[in-house]
Amino acid sequence: MIDATFLSWPFFEERHRSFAEELSAWAAHEIDPLVDHDDVDASCRRLVKGLGEAGWLRATVPQTYGGLHPTFDVRTLCLARETLAYRDGLADFAFAMQGLGTGPITLFGSEDLKRRYLPPVARGEAIAAFALSEPEAGSDVAAMSTTARPDGPDHVRIDGVKTWISNGGIADHYVVFARSGEAPGARGLSAYLVEADTPGFFIDERIDVIAPHPLATLRFDGCRVPLANRIGGPGEGFKVAMATLDVFRSTVGAASLGFARRALDEALSHASTRHLFGAPLSDLQMTQASLADMATQVDSAALLVYRAAWTKDQGAARVTREAAMAKMYATEAAQNVIDRAVQIFGGLGVTKGVKVEELYREIRALRIYEGATEVQKIVIARELLKTVEAQAAGAKASQGSRA
Ligand code: COS
């Protein structure tokens with residue numbers, strides 16, 4: 001039983017409701033045969049192909065380049081991630097990376113880059129990746145040390161290491177952020193599209209994690225990339241990364257929501273059928289209290305996620321605060337909901353092959369990637385303080401003009 005009552009909330013239009021219902025029906029039958037968690041590379045390739053052939057990846061690129069909507073419709077992206085995550089973490093991952101891995105091109109790319117790279121991603125014929133993190137620069141993006149130096153009039157030469165890169169090893173192309181040197185810190189970065197077969201690009205190692213998915217450390221060793229592959233202007237890489245994360249952070253919240261809803265449904269069904277002390281587990285008030293807390297956290301997370309998505313879709317230039325709140329709250333809440341579901345399952349909850357055990361492993365990374373909870377707190381607080389500073393500056397200016 002999937003609770004889809006939230007689709008009648010005012011954040012959504014009819015096209016969102018039909019998208020979610022149709023995807024949910026497709027996912028219920030089509031995902032399982034594509035997934036083998038012991039072979040994540042092959043599974044992701046099959047998932048990208050399957051999602052592409054069925055048309056779902058069209059939500060990850062704009063209409064002009066084979067997509068669904070004129071530009072990102074963040075509510076659709078969130079509904080897709082929530083629906084897919086409810087079924088399987090790898091299906092959500094395969095979908096999400098097509099969007100994140102081309103998000104910078106959609107938002108800042110040249111017409112030529114858009115025409116070359118977006119349509120194959122929407123059809124599921126090419127796999128995309130987003131390479132930002134480095135061994136010494138994950139949360140502190142501006143500290144990155146990968147360099148992009150001029151190499152002749154039309155090229156740059158990229159040198160450095162990127163790590164924790166999703167789809168690393170199976171992607172056809174990567175958006176790579178590097179220090180191009182226009183200024184120190186955040187103002188001296190640029191973004192480039194690098195094809196996986198470019199000489200000087202290497203997969204150094206594959207990384208095995210608690211909920212396996214394709215992940216790798218990348219090395220760039222004199223990797224020569226045409227200047228025409230730069231995404232956005234010189235020195236605009238930080239802005240490109242942050243604006244892309246403003247869109248995709250809400251969708252990480254949505255994926256967490258899918259995991260949490262699934263955990264709640266599993267817990268409800270188990271508590272109603274498992275007997276303890278001569279009655280269903282659900283008769284115990286302690287179980288009921290847990291279920292009530294879980295459901296409230298699920299709805300709160302949904303409200304924050306779809307508030308952020310709706311705000312962006314209304315044309316807001318920045319949704320930094322809303323997206324950070326959605327990502328932070330939904331991932332933390334999902335961890336809590338899933339942990340409680342495991343507790344309700346007892347010994348079964350930590351048994352391999354049981355869905356809540358899988359969810360327990362799946363959720364953990366989402367509290368870290370695309371900006372850890374601690375980073376979201378910094379982002380939210382800064383946005384709040386900016387308003388206070390702006391008000392203070394406004395008051396000072398009006399005092400000055402009266403004097
Ligand atoms: N959209 C557009 N521009 C943005 C932006 C956004 N969301 N956020 C910041 N910028 C701009 C700022 O306006 C600023 O521009 P000006 O210099 O012209 O004023 C510039 O970018 C630098 O911003 P800031 O001073 O806030 O940079 P910091 O280095 O202090 O940023 C945080 C710190 C922590 C906020 C940032 O590094 C961050 O979000 N880190 C987490 C990154 C992450 O998600 N990593 C995981 C890897 S991806 S899986």
Side-chain angles (χ1 to χ4, degrees), residues 72 74 81 92-93 96-104 106-108 128-146 161-168 171 174-180 182-191 207 209 213-218 231-253 255-256 308 311-312 315-328 331 364-387 389-390 393:
F72 282 134
V74 188
R81 290 201 67 177
D92 162 58
F93 170 84
M97 286 314 303
Q98 295 295 88
L100 181 65
T102 53
T106 296
L107 296 173
F108 296 93
F130 182 85
L132 181 67
S133 299
E134 298 187 2
E136 303 299 328
S139 293
D140 185 3
V141 176
M144 77 170 54
S145 61
T146 294
V161 173
K162 296 280 173 188
T163 194
W164 310 110
I165 305 307
S166 291
N167 274 345
Y174 299 76
V175 172
V176 178
F177 296 86
R179 181 157 299 290
S180 42
E182 292 76 8
R187 290 187 183 164
L189 310 178
S190 299
I207 305 168
V209 284
H213 63 273
L215 196 67
T217 300
L218 321 177
I231 302 165
E236 282 185 5
F238 190 89
K239 192 175 90 181
V240 170
M242 292 302 134
T244 305
L245 291 173
D246 270 2
V247 171
F248 284 93
R249 276 181 179 154
S250 311
T251 79
V252 180
S256 311
T311 308
K312 183 72 184 162
R318 294 259 303 252
V319 286
T320 307
R321 182 177 68 115
E322 292 86 345
M325 282 182 175
K327 200 262 175 189
M328 174 182 78
T331 53
R364 192 61 186 85
L366 278 67
R367 289 171 53 208
I368 299 171
Y369 72 59
E370 284 182 49
T373 292
E374 293 72 12
V375 167
Q376 307 310 335
K377 288 186 181 174
I378 296 173
V379 170
I380 295 164
R382 280 186 180 188
E383 293 296 314
L384 294 174
L385 293 166
K386 260 190 220 168
T387 5
E389 282 159 20

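Whatever order the structure lists them in is the order used to number ligands and atoms, beginning at 1.
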For ligand 1, which atoms have a heavy atom of [X] less than 4.0 angstrom away?
X: Ser133; result: 47 (C)
X: Thr320; result: 7 (N)
X: Ala186; result: 22 (C)
X: Val379; result: 35 (C)
X: Lys239; result: 2 (C), 3 (N)
X: Leu245; result: 44 (O)

Once you round to the nearest 0.5 Å, how far does [atom1] of [X] lie from [atom2] of [Y]?
X: Leu215; Y: Thr163; atom1: CG; atom2: OG1; value: 7.0 Å
X: Met97; Y: Ile165; atom1: CE; atom2: CD1; value: 8.5 Å
X: Arg318; Y: Thr311; atom1: CZ; atom2: OG1; value: 14.5 Å
X: Ser256; Y: Met328; atom1: OG; atom2: CE; value: 12.5 Å

Among Phe248, Tyr369, Phe238, the residue with a heavy atom nearest to atom 29 (O) of ligand 1 is Phe238

Regarding Glu134 and Thr146, do their side chains bring together a donor and an acceptor under 3.5 Å, going by distance alone?
yes

Does an N or O anywhere in [X] fall below 3.5 Å from an N or O of ligand 1?
X: Asp246; value: yes
X: Arg249; value: yes
X: Ala142; value: no
X: Arg382; value: yes
X: Gly138; value: yes

Do you see a protein non-hydrogen atom under 4.0 Å from atom 27 (O) of ligand 1?
yes

Heavy-atom protein contact below 4.0 Å for atom 6 (C) of ligand 1:
yes

Tell me the protein heavy atom at minimum distance from [atom], and give that distance in Å.
atom: atom 16 (P) of ligand 1; result: Arg187 NH2, 3.3 Å
atom: atom 36 (C) of ligand 1; result: Met242 CE, 3.8 Å
atom: atom 48 (S) of ligand 1; result: Leu132 CD2, 3.8 Å
atom: atom 46 (C) of ligand 1; result: Gly371 N, 3.6 Å
atom: atom 42 (C) of ligand 1; result: Val141 CG2, 3.4 Å
atom: atom 40 (N) of ligand 1; result: Ser139 O, 2.7 Å
atom: atom 13 (O) of ligand 1; result: Arg318 NH1, 4.0 Å
atom: atom 49 (S) of ligand 1; result: Glu370 N, 3.3 Å

Say whether, by atom type as modelled, one donor and one acceptor occur between the side chain of [X] and the main chain of [Y] under 3.5 angstrom.
X: Arg187; Y: Glu182; value: no
X: Arg179; Y: Ala142; value: yes
X: Lys327; Y: Leu366; value: yes
X: Glu370; Y: Leu245; value: no
X: Gln98; Y: Ala128; value: yes

Taking the ring of Phe248 and the ring of Phe72, is the distance between their centroids below 6.0 Å?
yes

Proximity of Phe177 and Phe130 rings by center, below 6.0 Å:
yes

In terms of side-chain geometry, is the basic nitrogen of Glu383 or Lys386 positioned less than 4.0 Å from the acidic oxygen of its partner?
yes

So for Ile378 against ligand 1, with non-hydrogen atoms under 4.0 Å, the contacting part is neither

Can you tell me if Glu136 has over 12 outside heavy atoms packed within less than 6.0 Å of its CD?
no

